[in-house]
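Numbers restart at 1 for each chain; the letters A, B, ... are given by sequence-line order, proteins then strands.
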There are 2 protein chains.
Amino acid sequence: MKPLFHPDIDDVAPADIFAALADPIRLGILVALSSATEMDKARCSNFVGLASPSLLSYHFAKLREAGITHMRIEGTSRYLSIRRADLDRRFPGLLDSVIEAAQRDPGLPRISEEPATKP
Amino acid sequence: MKPLFHPDIDDVAPADIFAALADPIRLGILVALSSATEMDKARCSNFVGLASPSLLSYHFAKLREAGITHMRIEGTSRYLSIRRADLDRRFPGLLDSVIEAAQRDPGLPRISEEPATKP
DNA sequence: CTTAAAATTCAACGATCATTGAAATTCTAA
DNA sequence: TTAGAATTTCAATGATCGTTGAATTTTAAG
């Protein structure tokens with residue numbers, strides 16, 4: 001289980017960021033992440049509904065390798081977070097306007113609320 | 001000479017914008033355009049130096065079809081401008097932070113000053 | 001040890017991309 | 001009318017992309 005690669009934020013070029021944002025599924029992930037207060041909502045397995053596990057893995061890697069997200073491994077699970085401090089320092093204002101734009105896009109795939117209660 | 005296609009700004013999805021921005025040459029065009037006060041600087045022929053004419057044409061079309069730029073035909077020349085009002089209304093704050101990020105990117109191709117004096 | 005859950009890896013596919021260079025277009029000016 | 005400048009179009013290229021499904025890895029739990 002090799003440690004995951006996360007680029008130094010200063011090595012990230014604007015074009016790399018935009019390439020990572022140029023996909024509806026990845027924007028959907030970002031939007032979901034941006035309103036994930038509880039930790040459960042940031043667990044990768046909670047993003048099924050956006051795409052198949054295999055495809056999700058691909059998109060998670062794109063976001064991570066572009067410096068947008070951080071991924072932490074815990075047991076068999078992975079937890080995602082936005083690298084907000086890094087991004088805000090390097091690209092001031094960008095993340096907020098990106099999220100705001102994406103949030104209002106009716107075309108984005110969304111995660112259904114209510115992870116289903118276990119009776 | 002068919003009139004150029006410019007998408008309605010409301011038909012432009014965030015992912016389309018980011019796809020158009022995911023290229024260093026196009027970011028270079030955007031940066032140059034953003035500081036083009038005089039009209040001469042917005043003429044397409046002033047962007048040689050960024051790429052070959054044929055390649056420039058390709059990138060101009062990408063920016064235009066994504067709703068980022070407007071292109072006006074005048075004789076054999078074309079003049080470019082950023083659709084700032086449209087973009088600011090639809091994606092508040094986005095354009096400014098994009099340009100700011102791109103401007104500071106040392107990796108972007110840039111247009112040389114001084115169009116060469118003719119002695 | 002066996003099983004199950006979570007996630008990644010891999011090979012394959014068609015689609016789109018950026019780039020090149022040659023040919024065609026469109027307009028202006030001599 | 002011809003010559004030239006500005007720009008686009010076209011075909012070809014190799015590269016990368018998003019997607020699928022099957023196989024694999026990794027870890028925790030019975």
Check your understanding: In whole Å, what is the span from the CG atom of B:Leu55 to the P atom of D:dC10?
Key -> 17 Å

Practice item. Check step by step if side-chain contact (heavy atoms from CB on, under 4.5 Å) holds for B:Thr69 and B:Met71. Key: CA-CA 7 Å; B:Thr69 57; B:Met71 203 170 192; 5.9 Å; no

Check your understanding: For A:Leu50 and D:dT19, what is the distance between atoms CG and P respectively, to the nearest whole Å?
Key -> 11 Å

Practice item. Output the single nucleotide from C:dA7, D:dT19, C:dT19 whose closest atom is nearest the side chain of B:Ile25. Key: C:dT19

Point to revise | A:His59 side chain near D:dT19 phosphate (N/O to OP1/OP2, under 4.0 Å) | key: yes

Check your understanding: A:Leu80 has an atom CG; how far is it from atom C1' of C:dA7, in whole Å?
Key -> 12 Å

Review point. To the nearest angstrom, how far is B:Asn46 atom CG from D:dT7 atom C1'?
Key: 14 Å

Point to revise | B:Ser45 or A:Ala22, whichever maps to the more 5' nucleotide of DNA chain D | key: B:Ser45

Check your understanding: How long is the line joining NZ of B:Lys62 and C1' of D:dT7, in whole Å?
Key -> 18 Å

Review point. Which part of the nucleic acid, if any, lies within contact of B:Leu56, taking any heavy atom under 4.0 Å across all strands shown: a base, the sugar-phosphate backbone alone, or nothing?
Key: nothing

Check your understanding: For D:dT8, does OP1 or OP2 lie under 4.0 Å from any side-chain N or O of B:Arg78?
Key -> yes

Practice item. Quick one: label A:Ser52 by what it contacts on the DNA or RNA (base, sugar-phosphate, nothing), any heavy atom closer than 4.0 Å. Key: nothing

Review point. For D:dA6, does either OP1 or OP2 sit under 4.0 Å from a side-chain N or O belonging to B:Thr76?
Key: no

Review point. Counting only N and O atoms by type, is there a donor-acceptor contact under 3.5 Å from the side chain of A:Arg90 to the main-chain atoms of A:Val12?
Key: yes

**Study point:** Intermediate values then yes/no, salt bridge (Lys or Arg N to Asp or Glu O under 4.0 Å), A:Asp105 and A:Arg110
**Key:** CA-CA 10 Å; A:Asp105 183 1; A:Arg110 274 159 214 284; over 6 Å; no

Exercise for review: Using whole Å, report how far CZ of A:Arg72 lies from C1' of D:dT26.
Suggested key: 17 Å

Exercise for review: Tell whether A:Ser57 reaches the base of C:dT9 with its side chain through a donor-acceptor pair below 3.5 angstrom.
Suggested key: no

Review point. Does the side chain of A:Arg26 come under 3.5 Å of the side chain of A:His59 through a donor N or O and an acceptor N or O?
Key: yes

Exercise for review: Figure out the CG/C1' separation between A:Leu4 and C:dA6, and round it to whole Å.
Suggested key: 14 Å

Point to revise | Distance below 4.0 Å between A:Arg26 side-chain N/O and D:dG18 OP1 or OP2 | key: yes

Practice item. By nearest nucleotide on DNA chain D, pick out whichever of A:Ser54 and B:Ser77 is the more 5' one. Key: B:Ser77

Exercise for review: List the steps, then state whether side-chain contact (heavy atoms from CB on, under 4.5 Å) holds for A:Leu33 with A:Leu63.
Suggested key: CA-CA 12 Å; A:Leu33 265 185; A:Leu63 287 170; 5.9 Å; no

Exercise for review: Take atom OH of B:Tyr79 and atom C1' of C:dC27, then tell me their distance rounded to the nearest Å.
Suggested key: 13 Å

